[in-house]
Amino acid sequence: MVSNKEINNSAAELDGMLKRMHEMVLQHVKEGQDLHAVVDYKTPAELYKTVDFALPERGTGVDGTFDLIKDTLNYSVNSWNPRFMDKLYAGTNPIGVISEFLLGVLNGNCHVYHVSPVLTLMEVEVTKAVGQLLGMGQHANGLFCPGGSASNLLAMVTARNKLYPSIKTTGYIPRPFNPSADYGKLKVFTSAHCHYSIDKAALVLGLGTDSIVKVPTDEKCKMRVDALERLIQESIERGETPFFINATAGTTVMGAFDPIQSISAVAKKYNCWLHVDGSWGGSAIFSQTVREQLGWLDGSNLADSFTMNPHKLLGVPLQCSMVVTPHEMLFPKVNTLAADYLFHGNPYDLGAGTIGCGRRPDALKIFLAWKFYGRDGLGQRIDRAIQAAADFTDLVREREHFELVTDPSLFCQVCFWYVPKEFQSQVQSWRAQQPEVWKAKMTRVIHLLHERVNHSGDFLVDHAPLDTLPHFFRIVINAPTVNVHRDLAALLDAIEDASKKIAWNQVSL
Ligand SMILES: *Cc1c(COP(=O)(O)O)cnc(C)c1O
């Protein structure tokens, strides 16, 4: 029998654990800011030997569990280190940790108001405030989803339910198979550089990935609006029904912003839903410079739905993603099912508008970050990242053997190749005369260098493909603590050093 005393001593037990955790966590954060290794890299086989992954029959209590916590800290990526530049998210910050901690203590669920009253109103207010920042007006509202892909999926299913509600009950049977349907094969239009979650959403909806039309991009990697309109017209001529246009605000690889304003005119003309995937660049709306001078997000007020991931550019802990809309009560109106045992008609029961049930109250994390830093503070974080990316671009341009993929860089990613001097004389002729050879050989060069740089543990960076180009380094400038000379110049040195250690003449590319 478990005694009452044991049941009720959670506070004391937590007190002891928090004290141990406190010290370990601070050490981890200090190591990150002092540029200790980003990661003590191990292969899965090595890691199985190092960390105890066996799940026990009998509990190991505080000591056993804390040994595992220690190992988890030791062998994980230390994202507090600004040299973690591999993905679009960076490390979080103190208020980010506190917000996750608060969520853990509350263990709340934002499906219905009466189990999470404060957290629900935070979600209502922060989605409204973001919608208003995007110019969506007084009815702006939205929902949090478990990531940008989930937000994009919710946007697409919402658009389909709103435009073709019969599909909710009869399923998707387009013309010509169903001559009385009010729609032909449904088509989605998005740029060739969009995130794959748009394809996934079409797959989940049962439209199939063939229903996605990839619109070509211009030399700045933005969707070509003339091509969009032509492709929509051709689709209509085939008897299909274009219904969803996705504009990307900040593409995943290059950071391009599609021209939302002119895309919206096309969407209106052809009765399409306009979604903006701002998972990466949407948060830039917090910057006054972006709002008032750069204008990258102009036209956001005209979108029917807009995805934003504070967990990327704003340093809020994963996950924190929302989809906002100017249409009042959009999500519950078009998505709800009569689940009377859960939803009793309260408009604050946010879960009714989703395709899920229980929901993590992720809104609290951006709410607290906003309260702590203010809109200005969050905006300055963006401005700083944009400036650092521009400064780093200058460094790359000036170094011998480095070549930028676009000059200037489009946003917070800096993309470039490194051409070892052994290939310097051939690379231009490969590029001009044998693009396939150029692509294959340079891709191999980048992969070899990338592997060495990442395994050193000093940096974590990524490489990316694009169209017909060879793969290139994609360095993401996001952490507010990244320093152009200390960290970014050092990265270029590390790439040069890695190249010197490779006997290129003996490598078969
Ligand atoms: C990161 C990203 C996504 C996906 O977001 P997750 O939160 O990782 O699901 C979608 N679209 C774009 C443009 C992105 O950069």
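In each ligand, atom 1 is the first atom listed, and ligand 1 is the first ligand listed. Because only heavy atoms are used, hydrogens play no part in the values below, and waters and symmetry mates are left out as well, while side chains stay in.
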Every pair of nitrogen or oxygen atoms between ligand 1 and the protein that is under 3.5 angstrom apart - can you list them with their distances to 0.1 Å?
| from | atom 1 | to | atom 2 | distance (Å) |
| --- | --- | --- | --- | --- |
| ligand 1 | 5 (O) | Gly148 | N | 3.4 |
| ligand 1 | 5 (O) | Asn309 | ND2 | 3.3 |
| ligand 1 | 7 (O) | Gly148 | N | 2.7 |
| ligand 1 | 7 (O) | Asn309 | ND2 | 3.0 |
| ligand 1 | 7 (O) | His311 | NE2 | 3.3 |
| ligand 1 | 9 (O) | Gly148 | N | 3.2 |
| ligand 1 | 9 (O) | Ser149 | N | 2.9 |
| ligand 1 | 9 (O) | Ser149 | OG | 2.8 |
| ligand 1 | 11 (N) | Asp277 | OD1 | 3.3 |
| ligand 1 | 11 (N) | Asp277 | OD2 | 2.6 |
| ligand 1 | 11 (N) | Ser279 | OG | 3.4 |
| ligand 1 | 15 (O) | Thr252 | OG1 | 3.0 |
| ligand 1 | 15 (O) | Lys312 | NZ | 2.9 |

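- At a cut-off of 3.5 Å, with distance as the only test, no side-chain donor of Asn109 or Ser116 sits close to an acceptor on the other residue.
- Around the OH atom of Tyr41, the shell of radius 6.0 Å holds more than 12 heavy atoms that belong to other residues, nucleotides or ligands.
- The aromatic rings of His471 and His463 sit parallel to each other, their planes meeting at less than 30°, with 60° as the upper class boundary.
- A salt bridge does not link Asp383 with Arg381: every distance from a Lys NZ or Arg NE/NH1/NH2 to an Asp or Glu carboxylate oxygen is 4.0 Å or more.
- Put simply, the side chain of Tyr183 reaches to within 4.5 Å of the side chain of Tyr172, judged on heavy atoms.
- Side-chain contact of Ser321 with Asn309: a donor-acceptor pair under 3.5 Å is present, judged by distance alone.
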